[in-house]
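Here is the naming used below: chain letters follow the sequence lines, and residue numbers restart at 1 for every chain.
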Amino acid sequence: MVMIEFPYAAVILMIVGAIGGLLQTRPIDKILMLAVLGDGLISMIAAYQYLDVAMASSFMTFVGIIIIMIGLIRTLEIKKARGELF
Amino acid sequence: MFEEYIIAIVSATVLGLILRLPILPDKPMRNSWMISIIFPTVILAVGFFAIFNYFKVYNNIYTAIIIGIFSAVFSKFFLERVFPKPEIGEQA
Amino acid sequence: MNEIIAITIGAILSWINFVIIDIWMGLPESPGVRGAEAIGKSIENRGGDLGGGYFSGNIVCSPDASAGTLLASCGYYAFGSPEGGLIAALFVYFGNRICADPGYAGTTGALSATILIWAATYIGINPQNFIVGMLLAALTIQGIYHPYSSKLIGKMARKMNRKVIKD
Amino acid sequence: MIEETIIAGIIIYMGLRLFITQDSLERMPYLNVINFGVAAIITLKNPSPLGVVTSMIYFIMATVAANAIAFTINKIKEIEHGND
């Protein structure tokens with residue numbers, strides 16, 4: 001019976017996040033792949049029982065993603081108001 | 001074991017009735033934002049007391065009464081300020 | 001081989017729990033936030049049902065009864081007693097209020113899952129079977145093929161009188 | 001041990017499928033399944049009260065982030081194609 005250790009899955013998540021973030025072209029897809037990379041990193045940290053590091057990085061990663069989202073929306077609105085988008 | 005939970009629920013309910021909280025929310029009950037006794041005051045009281053019940057030191061009757069009073073006061077005065085109701089069309 | 005049967009029973013129980021409570025609390029009726037509406041329209045464009053699409057979008061955008069079931073079984077497994085489920089209900093309520101949702105579905109799901117796990121320990125199904133079972137249940141709704149699962153959810157919602165409200 | 005195998009298999013499958021898919025709104029349910037799996041593995045690896053608190057905080061913050069990502073995809077589509 002085949003057994004899969006969990007860190008292999010976390011490594012695959014991190015590779016998917018990194019290569020997917022390189023290959024995508026739109027900014028929103030890059031940030032979604034950044035979320036996948038953060039998932040892999042947090043699960044790898046928590047699988048080796050550094051729970052305080054996992055808790056702090058789960059706060060900081062996702063709050064950072066929300067702040068990047070607000071900045072992205074503001075940037076696109078300013079570009080549209082100047083007429084540079086099309 | 002279960003008596004302290006019942007005491008916390010009764011304490012929260014009595015102080016909620018004194019503070020004039022409604023018993024049930026408005027009639028399309030699954031999407032009303034009204035704060036009432038059965039939701040979320042009782043849920044808050046049971047959840048807060050479960051944290052204290054895990055540490056075996058503070059699981060007595062007086063803690064249950066204080067938790068009930070605290071949850072009723074919290075849901076009456078502070079819940080709208082801590083977690084405000086969203087505007088129309090606002091995100092998280 | 002006994003564990004596989006236990007995981008299967010846990011998956012079936014948690015699937016029934018979260019689907020029934022989510023439909024009963026009106027998730028297929030209307031999208032709560034704008035992102036859920038976009039996900040529902042996207043699933044409908046790919047050949048699915050609109051009510052099932054709103055269901056999937058609401059599960060993605062706020063912790064509903066699926067998150068309540070998962071976190072209640074996690075709390076029961078870690079604390080070793082039903083207190084973990086009650087604490088999970090408290091956390092799910094706070095998370096629901098952060099995500100702009102009234103929070104009825106999450107807390108009801110967490111409390112009913114706590115009762116269900118407490119009853120299931122007497123027939124030999126442990127909480128870790130429920131954790132893996134909830135993951136399998138979420139996989140069948142969100143991960144396999146979206147048009148089929150959304151059509152199934154739409155059929156169940158029409159049977160339980162929770163149709164899409166059009167305005 | 002079999003629980004860990006099942007969770008790792010589901011996460012690998014969802015990661016590869018998220019890598020292949022091109023529609024950005026179709027990726028969101030797959031990301032949700034990955035969040036479920038990570039929240040499950042944190043508790044299964046650390047069966048203690050701190051572990052379950054970490055799992056709850058992770059899941060709620062990940063859901064808030066997914067909410068923000070879905071909102072932003074909708075908003076960008078409105079900005080690019082005109083709000084109609």
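Listed in order of number, the residues of residues 34-46 of chain B that approach chain C to under 4.5 Å between heavy atoms are B:M34, B:F39, B:P40, B:I43, B:L44, B:V46.
Atom CD1 of residue B:I51 and atom CZ of residue C:F91 lie 6.0 Å apart, to the nearest 0.5 angstrom. Atom CD1 of C:I87 is separated from atom CZ of B:F48 by 11.0 Å, given to the nearest 0.5 angstrom.
Proximity to chain B (any heavy atom under 4.5 Å) is restricted, for C:Y93, to the side chain, taken from C-beta onward. C:L86 touches chain B through backbone and side chain together, each having a heavy atom under 4.5 Å away.
Other residues, nucleotides and ligands contribute only 12 or fewer heavy atoms inside 6.0 Å of the CD1 atom of B:I61. Within a 6.0 Å radius of CZ in B:F52, other residues, nucleotides and ligands contribute 12 heavy atoms or fewer.
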Going through the checks in order, is the side chain to side chain contact (heavy atoms under 4.5 Å, CB included) test met by B:Y5 and C:E83? CA-CA 11 Å; B:Y5 287 103; C:E83 296 151 3; 3.4 Å; yes
